A.B. asks: 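Handing you a structure now.
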There are 2 protein chains.
Amino acid sequence: MATIDDVAKRAGVATSTVSYVLSGKRRISAATRAKVQAAVAELGYHPHAGARALASARTNVLALMVPLPLTPGTKALRPDIDVNVLMQFVAGIAPRARALGYDVLLVTDDDPSATERVWAGSTADAIIAMSVQAEDPRIEALSRARTPAILIGLPDDPHGLSCVDFDFESAGRLAIRHLAAHGHRRIAMVGPPSVTFERRMSFAERMVRGLSEQSAAAGAQFSIAPTAARRDAVATALAPVLDGPDRATALVVHHEAALPSVLDVLRERQLRLPQDISVIAVCPPSIAEQQAAPLSSIDVPAQSIGATAVEMAVAALRGEGAPETRLVRAELTDRASTSAPLA
Amino acid sequence: MATIDDVAKRAGVATSTVSYVLSGKRRISAATRAKVQAAVAELGYHPHAGARALASARTNVLALMVPLPLTPGTKALRPDIDVNVLMQFVAGIAPRARALGYDVLLVTDDDPSATERVWAGSTADAIIAMSVQAEDPRIEALSRARTPAILIGLPDDPHGLSCVDFDFESAGRLAIRHLAAHGHRRIAMVGPPSVTFERRMSFAERMVRGLSEQSAAAGAQFSIAPTAARRDAVATALAPVLDGPDRATALVVHHEAALPSVLDVLRERQLRLPQDISVIAVCPPSIAEQQAAPLSSIDVPAQSIGATAVEMAVAALRGEGAPETRLVRAELTDRASTSAPLA
DNA sequence: TTGAAAGCGCTAACAT
DNA sequence: ATGTTAGCGCTTTCAA
């Protein structure tokens with residue numbers, strides 16, 4: 001492989017000149033720059049990432065800590081994690097990182113020590129952590145890091161770290177306000193399985209808080225149906241909510257993987273949307289679009305949140321901006337799966 | 001940060017001794033090893049990844065090239081790519097890589113030049129490319145690379161590179177054999193949208209080949225219904241297949257994102273599974289399990305294929321094994337969504 | 001506007 | 001069984 005010295009020799013300039021042409025950190029005459037660029041092109045030169053990292057103390061890598069739902073060969077199962085949703089964030093993160101000159105390192109160890117491995121080994125310039133829990137053991141480790149860290153999620157105590165996330169609490173309030181305005185007084189959330197709450201996943205808690213507080217304010221009865229995604233589990237979880245005279249007249253579904261099953265169960269029960277029951281989905285737009293019926297939804301702009309996380313990380317690396325928490329406000333798109341209740 | 005020299009000083013040994021203790025490339029007495037390990041622990045030492053890469057010419061990083069379906073700010077839309085399926089592979093790749101001592105670099109540029117950036121810059125030791133097309137511009141670039149490359153998929157010409165994938169062709173044959181044995185003579189595939197075929201995605205072509213050749217052999221009539229995942233698109237695509245006296249009596253669905261819509265359309269048409277119509281899904285098991293109905297399926301073992309890709313990459317790095325193509329044989333799990341046709 | 005040279009932290013000969 | 005040391009390829013002072 002060609003080295004920077006090869007380029008320098010070929011262009012007839014000093015090594016440092018090549019470096020400066022490449023980094024733009026020095027004014028270089030047009031003539032010299034042209035010679036260097038020609039040599040670079042002719043040799044197909046690409047700087048050695050490791051050498052650059054060693055000399056400059058910068059890797060141009062962003063570490064992305066993403067727990068996976070099932071990690072083969074490990075005891076750590078995380079059925080509380082939805083890959084499909086995670087990927088929506090990644091789809092926002094990776095391209096933005098690239099655009100800003102960073103590569104993305106995927107770290108799937110669900111383990112505070114992985115954090116240390118990454119920053120202490122100068123493996124990445126900054127860390128973005130996903131699937132944050134209200135009390136997340138990784139946060140303390142990240143707050144120690146020499147490296148900026150951004151959390152996607154909102155823990156009880158961010159330990160001074162920056163956070164970005166969707167404002168699930170306001171989303172919950174918004175959903176209830178919308179339904180209450182239509183006259184609904186018995187509302188249920190179809191939510192992730194109880195393990196998600198046991199893990200104290202940040203998004204789930206905030207959603208419930210928004211829903212229940214606003215329900216109280218609106219004088220509406222509110223209940224939660226946590227469930228796995230499988231069709232039979234959903235049917236079972238929905239039974240208490242949909243049976244009896246006090247059955248819910250509206251559902252807020254905050255469980256993207258369960259959406260197909262929910263719609264199927266409703267259909268089987270001959271409940272038409274929105275005449276017989278109102279439904280609001282809370283999920284990334286691309287997931288809402290894949291459903292069997294058009295759904296009124298509160299879009300979780302996962303991609304743009306991911307991109308924002310990258311921007312915050314890069315800003316921190318530039319020494320710009322203090323630690324902050326950014327919550328993206330919720331908006332509701334009415335797609336006719338909500339209306340006034342029958343009774 | 002502590003350096004290897006700090007550790008050496010603290011342990012009272014030479015720098016190289018520390019290096020050898022860490023790498024295990026030399027016999028070290030138990031006493032010395034203990035001293036070094038103590039010093040490492042006390043200082044919280046982690047080797048500098050860049051320095052190590054520079055000195056050893058190895059990064060311990062695997063690059064994963066994954067085109068994303070929509071890359072914000074780019075013209076390159078790839079609606080032919082299903083993130084959910086991609087992630088199943090990643091879920092197999094990342095943990096296996098970690099177990100073998102590698103980190104995973106996510107490269108989402110859908111661009112042959114990204115390939116060069118990665119290997120020419122000594123950014124990764126090996127490259128795994130996903131979403132391979134029959135004629136993929138990345139392959140030629142990869143075959144030039146100084147770095148081993150593994151393709152997940154099977155192009156027309158692998159240019160000497162190793163490939164791993166599910167044997168979609170045998171999956172197609174298996175599906176038809178199963179259905180034909182039940183007496184079906186009119187079978188349709190519900191497949192990815194036509195853009196997927198225009199892209200000549202490797203998996204789609206092989207699937208169709210298996211299905212159509214075996215249909216011919218079995219004397220069955222075979223048709224293809226390519227469709228987007230959205231409910232209305234699926235309904236439209238299924239119409240010609242399900243209407244009329246010559247309608248298909250069995251469907252092979254090879255389009256994971258469309259599965260919910262397909263099941264919904266069938267239900268709306270009052271077609272019961274399996275009495276009125278047989279259905280076989282071809283998808284990763286975790287996706288089959290999320291559907292509204294239990295489906296007979298041919299499981300695409302995406303995770304294990306991902307893990308295999310990693311193992312092949314690492315083997316290549318060790319100089320073991322020649323380039324090869326590994327196709328994982330298909331098996332069918334009968335979950336009672338198939339039976340004999342009515343007529 | 002450009003050059004020369006001293007490291008960055010590690011590995012792997014080459015010694016002993 | 002351990003120590004010494006010359007690079008690996010780059011960035012960045014310090015000089016000119």
Side-chain angles (χ1 to χ4, degrees), chain A residues 1-37 39-40 43-61 101 117-125 146 317, chain B residues 1-37 39-40 43-61 101 117-125 146 317:
Chain A
M1 286 276 62
T3 71
I4 196 173
D5 285 322
D6 297 332
V7 175
K9 233 157 262 167
R10 175 130 190 169
V13 300
T15 310
S16 59
T17 299
V18 177
S19 177
Y20 286 121
V21 167
L22 261 34
S23 70
K25 291 187 179 173
R26 216 188 223 184
R27 287 203 75 82
I28 300 285
S29 71
T32 308
R33 194 179 328 124
K35 277 191 297 183
V36 170
Q37 282 163 344
V40 166
L43 296 173
Y45 169 73
H46 287 263
H48 187 290
R52 185 172 258 187
L54 180 56
S56 68
R58 289 179 136 282
T59 60
N60 282 297
V61 168
R117 196 175 62 78
V118 164
W119 71 257
S122 298
T123 298
D125 294 335
R146 199 176 32 64
L317 286 172
Chain B
M1 285 276 60
T3 71
I4 197 173
D5 285 322
D6 298 331
V7 175
K9 235 157 257 168
R10 175 129 188 172
V13 301
T15 310
S16 60
T17 300
V18 176
S19 176
Y20 286 121
V21 167
L22 261 35
S23 70
K25 290 187 179 174
R26 218 188 220 185
R27 286 203 75 83
I28 300 284
S29 72
T32 308
R33 195 181 326 126
K35 276 191 299 184
V36 169
Q37 282 163 344
V40 165
L43 295 174
Y45 169 73
H46 287 262
H48 187 291
R52 184 172 258 186
L54 180 55
S56 68
R58 288 179 137 284
T59 59
N60 282 296
V61 167
R117 198 175 60 78
V118 165
W119 72 257
S122 298
T123 298
D125 294 334
R146 198 177 31 64
L317 286 172

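The shown structure was predicted, so the numbers you read here are calculated from the model rather than taken from an experiment.
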A.B. asks: Please tell me which of the listed nucleotides, dA1(D), dC10(C), dG9(D), lies nearest to the side chain of Ala51(A)?
C.D. replies: dG9(D)
A.B. asks: Can a side chain N or O of Ser56(B) be found less than 4.0 Å away from OP1 or OP2 on dC10(C)?
C.D. replies: no
A.B. asks: Is Ser29(A) near enough to dT2(C) that one of its side-chain N or O atoms lies under 4.0 angstrom from OP1 or OP2?
C.D. replies: yes
A.B. asks: Please report, rounded to the nearest Å, how far the C1' atom of dT11(D) is from the CZ atom of Arg58(A).
C.D. replies: 13 Å
A.B. asks: Return the CD to OG1 distance between Gln37(A) and Thr32(A), rounded to the nearest 0.5 Å.
C.D. replies: 10.5 Å
A.B. asks: Looking only at the side chain of Arg27(B) (C-beta and beyond, no hydrogens), which of the listed nucleotides dG3(C), dT2(D), dA1(D) gets closest?
C.D. replies: dA1(D)
A.B. asks: Any N/O pairs under 3.5 Å between the protein and nucleotides 13-16 of chain D? List them or say none.
C.D. replies:
| from | atom 1 | to | atom 2 | distance (Å) |
| --- | --- | --- | --- | --- |
| dC14(D) | N4 | Arg26(A) | NH2 | 3.1 |

A.B. asks: Nearest 0.5 angstrom please: Met1(A) CE to Leu43(A) CG, how far?
C.D. replies: 9.0 Å
A.B. asks: Nearest whole Å is fine: how far is dG9(C) P from Arg52(A) CZ?
C.D. replies: 18 Å
A.B. asks: Whole angstrom is fine here: how far is it from CG in Asn60(B) over to P in dC10(C)?
C.D. replies: 14 Å
A.B. asks: Where the side chain of Ala55(B) is defined as all heavy atoms beyond and including C-beta, which of dT11(D), dG3(D), dG9(C) is the nearest nucleotide?
C.D. replies: dG9(C)
A.B. asks: Under 4.5 Å between any side-chain heavy atoms of Thr3(A) and Asp6(A), yes or no?
C.D. replies: yes
A.B. asks: Please report the end-to-end axis angle for the helix from dT1(C)-dA16(D) to dT16(C)-dA1(D), five pairs per end, rounded to 10 degrees.
C.D. replies: 30°
A.B. asks: Can you check whether Lys25(B) has a side-chain N or O nearer than 4.0 Å to OP1 or OP2 of dA12(C)?
C.D. replies: yes
A.B. asks: Between atom NE2 in His48(A) and atom P in dT11(D), what is the gap in whole Å?
C.D. replies: 12 Å
A.B. asks: How many whole angstroms separate atom CG of Asp5(A) from atom P of dC8(D)?
C.D. replies: 9 Å
A.B. asks: Could you check which of dT2(D), dA12(C), dC10(D) has an atom nearest any side-chain atom of Thr32(B)?
C.D. replies: dT2(D)
A.B. asks: Return the value, rounded to whole Å, for the distance between atom NZ of Lys35(A) and atom C1' of dG3(C).
C.D. replies: 13 Å
A.B. asks: Could you check whether Thr3(B) gets within reach of a base, just the sugar-phosphate, or nothing at all, counting any heavy atom under 4.0 Å?
C.D. replies: sugar-phosphate
A.B. asks: Return the value, rounded to whole Å, for the distance between atom CD1 of Ile4(B) and atom C1' of dA6(D).
C.D. replies: 15 Å
A.B. asks: Tell me, do Ser122(A) and Arg146(A) make a side-chain contact under 4.5 Å, heavy atoms counted?
C.D. replies: yes
A.B. asks: If you compare every side-chain N and O of Ser19(B) against the phosphate oxygens of dT11(C) (OP1, OP2), does one of them come in below 4.0 Å?
C.D. replies: yes
A.B. asks: Work out which heavy atom in Ala51(A) is nearest to a heavy atom in His48(A); give both atom names and the distance.
C.D. replies: N-ND1, 3.0 Å
A.B. asks: Taking all non-hydrogen atoms of both residues, which atom of His46(A) and which atom of Gly121(B) are closest, and how far apart?
C.D. replies: CB-N, 3.9 Å
A.B. asks: Need one value for Gly121(A): base, sugar-phosphate or nothing, where a base atom within 4.0 Å counts as base even if backbone is also close, heavy atoms only.
C.D. replies: nothing
A.B. asks: In terms of the nearest nucleotide of DNA chain C, which residue is placed more toward the 5' end: Thr15(A) or Ala31(A)?
C.D. replies: Ala31(A)
A.B. asks: By nearest heavy atom, map Leu54(B) and Gly12(B) onto DNA chain D; which one lands nearer the 5' end?
C.D. replies: Gly12(B)
A.B. asks: What is the distance, to the nearest angstrom, from the CG atom on Asp125(B) to the P atom on dT11(C)?
C.D. replies: 14 Å
A.B. asks: Under the rule for side chain to side chain contact (heavy atoms under 4.5 Å, CB included), what residues qualify as partners of Lys9(A), not counting sequence neighbours?
C.D. replies: none
A.B. asks: To the nearest 0.5 Å, what is the distance between CG on Leu22(A) and CD1 on Ile28(A)?
C.D. replies: 10.5 Å
A.B. asks: Roughly how far apart are Thr15(A) OG1 and Ile4(A) CD1, rounded to 0.5 Å?
C.D. replies: 6.5 Å
A.B. asks: Are the side chains of Thr123(A) and Val61(A) in contact, using a 4.5 Å heavy-atom criterion?
C.D. replies: no
